[in-house]
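For reference, the structure is listed below as structure tokens.
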Amino acid sequence: MTAPTDQDLAIIAEQLGRAPRGVLAIAYRTPDGIPAVVKTAPRLPDGTPFPTLYYLTDPRLTAEASRQESAGVMREMTERLAADQELAAAYRAAHESYLAERDEIESLGTDFTGGGMPERVKCLHVLIAHALAKGPGVNPLGDEAVALAAEHGLRGTAIPADWPAHPTARENLEHSDE
């Protein structure tokens, strides 16, 4: 993570189509150095609570997250959470880690973290942002969505070339392209 420069904030404003708010750090840059995930303050400058600690900004990644959501990836992941206790435990650990990190900055008095964690998958944008910010091995479903994005043409551009492949991501890719 790096402190945002004025140039970073200008790029993010262009990506979002508005001025970024509450940016604490650049949490992930694409392989070509472009800011793609920001770490955001739990409370925006105007005092509004903002529980989404990691926010996806890169248009390629946001479009891919939306494509995956439209393809039913969230539904399939949520079904697997209900059936796979090991996956559910790892996803809960990701939630707890996210919450602890946010609360270290400022507690919002809530256990809501985003993305549907820990019970379901509600927003792949948040899960992809979290996975990219923290790296593989922290958020299993975020890792899977990033692997799917890599397989869908973003490896080496918006996703690191060495992001681990995921067998379920390949299955989801086949279904999402139908």
>> Quick one: does any side-chain atom of Glu69 pair with a main-chain N or O of Leu124 as donor and acceptor, under 3.5 Å?
In response: yes
>> For the backbone of Gly137 and the side chain of Asp143, can you confirm whether one donor and one acceptor N or O come within less than 3.5 Å of each other?
In response: yes
> Are Val38 and Ile26 side-chain neighbours, meaning at least one heavy-atom pair lies under 4.5 Å?
Replying inline: yes
> Considering all heavy atoms of both residues, which atom of Gly22 and which atom of Pro45 are nearest to each other, and what is their separation?
Replying inline: N-CD, 3.8 Å
> For the hydrophobic clusters of this structure (ILVMFWY residues joined by side-chain heavy atoms under 4.5 Å, transitively), does one cluster hold both Val138 and Val126?
Replying inline: no
>> As an exercise, state the distance from NE2 of His166 to CD of Glu151, rounded to the nearest 0.5 Å.
In response: 11.5 Å
> Can you check side-chain contact (heavy atoms from CB on, under 4.5 Å) on Thr40 and Thr52, steps first, answer last?
Replying inline: CA-CA 7 Å; Thr40 305; Thr52 304; over 6 Å; no
> Is the shortest heavy-atom distance from the side chain of Met77 to the side chain of Arg80 under 4.5 Å?
Replying inline: yes
> Would you say Thr62 and Ile128 make side-chain contact, with heavy atoms under 4.5 Å?
Replying inline: no
> Any salt bridge between Arg60 and Glu64, counting N to O under 4.0 Å?
Replying inline: no
>> With rounding to the nearest 0.5 angstrom, report the NE2 to OH distance, His125 to Tyr55.
In response: 8.5 Å
> Where do Leu9 and Pro4 come nearest, in terms of heavy atoms and distance?
Replying inline: CD2-CB, 3.9 Å
>> Any side-chain to backbone donor/acceptor pair from Arg102 onto Pro42? Under 3.5 Å, distance only.
In response: no
> Within the side chain of Ser107, is there an N or O that forms a donor-acceptor pair under 3.5 Å with the backbone of Asp103?
Replying inline: no
> How close do Met1 and Ala27 get, heavy atom to heavy atom, and via which atoms?
Replying inline: CG-CA, 3.8 Å
> Quick one: does Thr57's side chain get under 4.5 Å of Leu16's, heavy atoms only?
Replying inline: yes
> Nearest heavy-atom pair of Trp163 and Arg155: which atoms, and what distance?
Replying inline: O-NH1, 2.6 Å
> Do Tyr98 side-chain atoms and Tyr54 backbone N/O form a donor-acceptor pair below 3.5 Å?
Replying inline: yes
> Below 4.5 Å, heavy atoms only, C-beta onward: do Asn139 and Tyr91 meet side chain to side chain?
Replying inline: yes
>> Please report the interatomic distance CG(Leu99) to OG1(Thr110), rounded to the nearest 0.5 Å.
In response: 8.0 Å
> How many angstroms lie between atom CE of Met117 and atom CD of Glu96, to the nearest 0.5 angstrom?
Replying inline: 10.5 Å
> Of the non-hydrogen atoms in Ala19 and Ala13, which two are nearest, and what is the gap between them?
Replying inline: CA-CB, 4.3 Å
>> Starting from Val146, can I reach Leu81 by hopping between I/L/V/M/F/W/Y residues whose side chains sit under 4.5 Å apart?
In response: yes
>> Please determine whether side-chain contact (heavy atoms from CB on, under 4.5 Å) holds for the pair Leu148 and Arg67, giving the CA-CA distance in whole Å, both sets of side-chain angles, and the decisive distance to 0.1 Å.
In response: CA-CA 11 Å; Leu148 179 56; Arg67 187 197 68 74; 4.2 Å; yes
>> Under a 3.5 Å distance rule, please check whether Thr78 uses its side chain to pair with a backbone N or O of Met74 as donor and acceptor.
In response: yes
>> I want to check something: taking the side chain as every heavy atom from C-beta on, are His152 and Ile159 in contact at a cut-off of under 4.5 Å?
In response: no
> Would the number of heavy atoms belonging to other residues, nucleotides or ligands and lying under 6.0 Å from CG of Asp6 be above 12?
Replying inline: no
> Should Arg43 and Phe50 count as side-chain neighbours, where that means a heavy-atom distance under 4.5 Å?
Replying inline: no
> Linking I/L/V/M/F/W/Y whenever their side-chain heavy atoms sit closer than 4.5 Å, directly or via other members, would Val121 and Leu87 fall into one cluster?
Replying inline: yes
> Is there a side-chain contact between Asp8 and Arg29 (heavy atoms, below 4.5 Å)?
Replying inline: yes
> Can Thr48 and Arg21 be said to form a side-chain contact (heavy atoms from CB on, under 4.5 Å), step by step?
Replying inline: CA-CA 11 Å; Thr48 303; Arg21 302 171 296 162; over 6 Å; no
>> Checking side chain to side chain contact (heavy atoms under 4.5 Å, CB included) between Leu132 and each of Thr30, Leu127, Asp58, Val37, which is the one that passes?
In response: Val37
> Any idea which heavy atoms bring Pro59 and Gln15 closest together, and the distance?
Replying inline: CD-CG, 3.8 Å
